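Quick caveat, the model's predicted, so the values are computed rather than measured.
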Amino acid sequence: MVAPAAQHKIVLLTGLSGAGKSTATKSLEDVGFRTIDNLPNDLIPALLEKIQLQPDRFARLCLVIDARDGDPRAAIDAVRAASSAVGTESRVIYLDSRDDVLIRRFSETRHRHPLGGPIDAPSDVAGAIRAERALLSASREIADAVIDTSDLAARELRDRLVQEVLGGDASISVHLTSFGYKHGIPLDSDLLFDVRSVANPHWVPELRPKDGRDREVATYVLGDPVGASIEAAIVVFVSTTLDTYLSDGRGRLSIAIGCTGGRHRSVAISESLALKLRAQAGSHSVHVHHRDVERT
């Protein structure tokens, strides 16, 4: 079996119900983790076998282990031992919160506590919280990090998690999509750039059958002063604002580049942008999709 790469990590997320585990798992998914929640403890050995056989499939895994099946200490120890056996780093993160905050959160969300207690009976919820604290006390003692979420906003929790799990080495995934305005704007785009003012290869007979991935078309588009200036402006804007988007809690940034038909100008500029952003973006990944390039 090939040992997994050094960047492989398993996060064992535990802690009190209502302390923010759902928010935490979404935050970890944004930085590339596969999350598994509500897995019965007796199924964990089967999962560990999968991890050992396919370490690359579970390169970054967040496993939520809580008190729903009783004291989770044994399950946590088993996962840590299995991850150590394959050379994968594991880290236990425990989310805590004050009792009054937890009671208020259950009251506001109208959720039932996993260990019992009707939503309209604060005293019963308080009793369930006390019971859960007792069950999780051993797991709290062995945690690599305890995060009190009582006064943390979702963004602040995300920042703490990234720092604890990745040492602050967070990244954002940049997705460039070329498209044609006549086929509609991509609805999932965060940033939208219009390149219809660039010289259009459609009006050059020998270039019309080609698309923006062809060297001749790219040379024509980027050789136009307007095309070159627009591309340069987009590169400057994106490269200087990536960290701002990341600090805002984003794990993905979708950028749409549009021309009339989505075949020539937007494609050529998107391809060129991808090359330049990959050279400048450091740990951030850059992906390209040409939505309309095959349309007539």
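- Rounding to the nearest 0.5 Å gives a distance of 7.0 Å between CG of L242 and CG of L277.
- The closest side-chain heavy-atom distance from Y94 to L16 is below 4.5 Å.
- Atom CG of L136 sits about 7.5 Å away from atom CG of D71, to the nearest 0.5 Å.
- Alongside I185, the hydrophobic cluster contains F179, Y181, L192 (criterion: ILVMFWY side chains under 4.5 Å).
- Between L222 and I269 there is a side-chain heavy-atom pair separated by less than 4.5 Å.
- Residues T177 and S189 form no side-chain contact, since every pair of their non-hydrogen atoms from C-beta on lies 4.5 Å or further apart.
- With respect to the salt-bridge test (charged N to carboxylate O, under 4.0 angstrom), the residues D292 and K182 do not qualify.
- Between G262 and V267, the shortest heavy-atom distance links the atoms O-CG2, 3.5 Å.
- In this structure, D194 and I257 have side chains that are not in contact, with every pair of non-hydrogen atoms separated by 4.5 Å or more.
- R265 approaches T260 most closely through the heavy-atom pair NH2-OG1, 3.1 Å.
- Side chains of L47 and L39 form a contact here, defined as non-hydrogen atoms less than 4.5 Å apart.
- Expressed to the nearest 0.5 Å, how far OG of S266 lies from CD of E271 amounts to 10.5 Å.
- In terms of heavy atoms, A126 sits closest to I103 at CB-CD1, 3.9 Å.
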Evaluate R73 against E141 for salt bridge (Lys or Arg N to Asp or Glu O under 4.0 Å), listing each step before the verdict.
CA-CA 10 Å; R73 172 66 186 270; E141 291 177 1; 5.4 Å; no

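- Residues L13 and C62 share a closest heavy-atom pair of CB-SG, 4.0 Å.
- Looking at E156 and R160, no side-chain N of the basic residue comes within less than 4.0 Å of a carboxylate O on the acidic one, giving no salt bridge.
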Does the pair V293 and R295 meet the rule for a side-chain contact (heavy atoms from CB on, under 4.5 Å), with working shown?
CA-CA 6 Å; V293 71; R295 293 178 184 251; over 6 Å; no

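- Screening residues 10-27 for side chain to side chain donor-acceptor pair (under 3.5 Å), with sequence neighbours left out, gives S17-E132.
- For V217 against G212, the heavy-atom pair with the smallest separation is CG1-CA, 3.7 Å.
- S84 places no side-chain N or O within donor-acceptor distance of the main-chain N or O of A81, the cut-off being under 3.5 Å.
- Side-chain atoms of S229 come within 3.5 Å of backbone N or O of P225 as a donor-acceptor pair.
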Report all side-chain donor-acceptor pairs from residues 143-152 shorter than 3.5 Å, counting only partners two or more places apart or in another chain.
unit_1, atom_1, unit_2, atom_2, d
D144, OD2, R80, NH2, 3.1
D144, OD2, V92, N, 2.7
D148, OD1, S150, N, 2.9
D148, OD1, S150, OG, 2.6
T149, OG1, A19, O, 2.6
T149, OG1, D96, O, 3.3
T149, OG1, R105, NH1, 3.3
S150, OG, S97, OG, 3.1
S150, OG, R98, N, 2.9
D151, OD2, R98, NH1, 3.3

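- V101 and L157 fall into different hydrophobic clusters, where Ile, Leu, Val, Met, Phe, Trp and Tyr are joined by side-chain heavy atoms under 4.5 Å apart, directly or via other members.
- In this structure, the side chain of T240 engages the main chain of F237 through a donor-acceptor pair within 3.5 Å.
- Between P201 and K210 the shortest side-chain heavy-atom distance does not fall below 4.5 Å.
- Under a hydrophobic-cluster definition in which Ile, Leu, Val, Met, Phe, Trp and Tyr are linked whenever side-chain heavy atoms come within less than 4.5 Å, directly or via other members, V226 and L207 are assigned to the same cluster.
- At a threshold of 4.5 Å between non-hydrogen side-chain atoms, the residues H183 and R291 count as touching.
- Separation of atoms CG (L63) and CG (L61) is listed at 6.0 Å; rounding is to 0.5 Å.
- Under the 30°/60° scheme for interplanar angles, the aromatic rings of H264 and H202 are found to be tilted.
- Distance check: N200 CG to C259 SG gives 7.0 Å after rounding to the nearest 0.5 Å.
- D99 and R104 are not joined by a salt bridge, as no carboxylate oxygen comes within less than 4.0 angstrom of a charged side-chain nitrogen.
- No side-chain heavy atom of V64 sits under 4.5 Å from any side-chain heavy atom of N38.
- To the nearest 0.5 Å, atoms CZ (R91) and OG (S83) are separated by 13.0 Å.
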Under the side-chain contact (heavy atoms from CB on, under 4.5 Å) criterion, do H290 and D211 qualify, and how do the steps go?
CA-CA 10 Å; H290 302 303; D211 64 59; over 6 Å; no

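- The backbone N or O of A75 sits nowhere less than 3.5 Å from a side-chain atom of N41 that would complete a donor-acceptor pair.
- R278 places no side-chain N or O within 3.5 Å of a backbone atom of L273 that could act as its donor or acceptor partner.
- Between the side chains of H175 and S254, not a single donor N or O lies within less than 3.5 Å of an accepting N or O.
- Linking ILVMFWY side-chain heavy atoms closer than 4.5 Å, directly or via other members, places V236 and V198 in two distinct hydrophobic clusters.
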Assess whether side-chain contact (heavy atoms from CB on, under 4.5 Å) is satisfied between F33 and V11, documenting all intermediate values.
CA-CA 9 Å; F33 279 80; V11 173; 3.7 Å; yes

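- Placement of L275 and L176 in two distinct hydrophobic clusters is found when ILVMFWY residues are connected by side-chain heavy-atom separations under 4.5 Å, directly or transitively.
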Step by step, work out the side-chain contact (heavy atoms from CB on, under 4.5 Å) result for V221 and V195.
CA-CA 10 Å; V221 170; V195 299; over 6 Å; no

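- With salt bridges taken as basic N to acidic carboxylate O contacts below 4.0 Å, none links R263 and E294.
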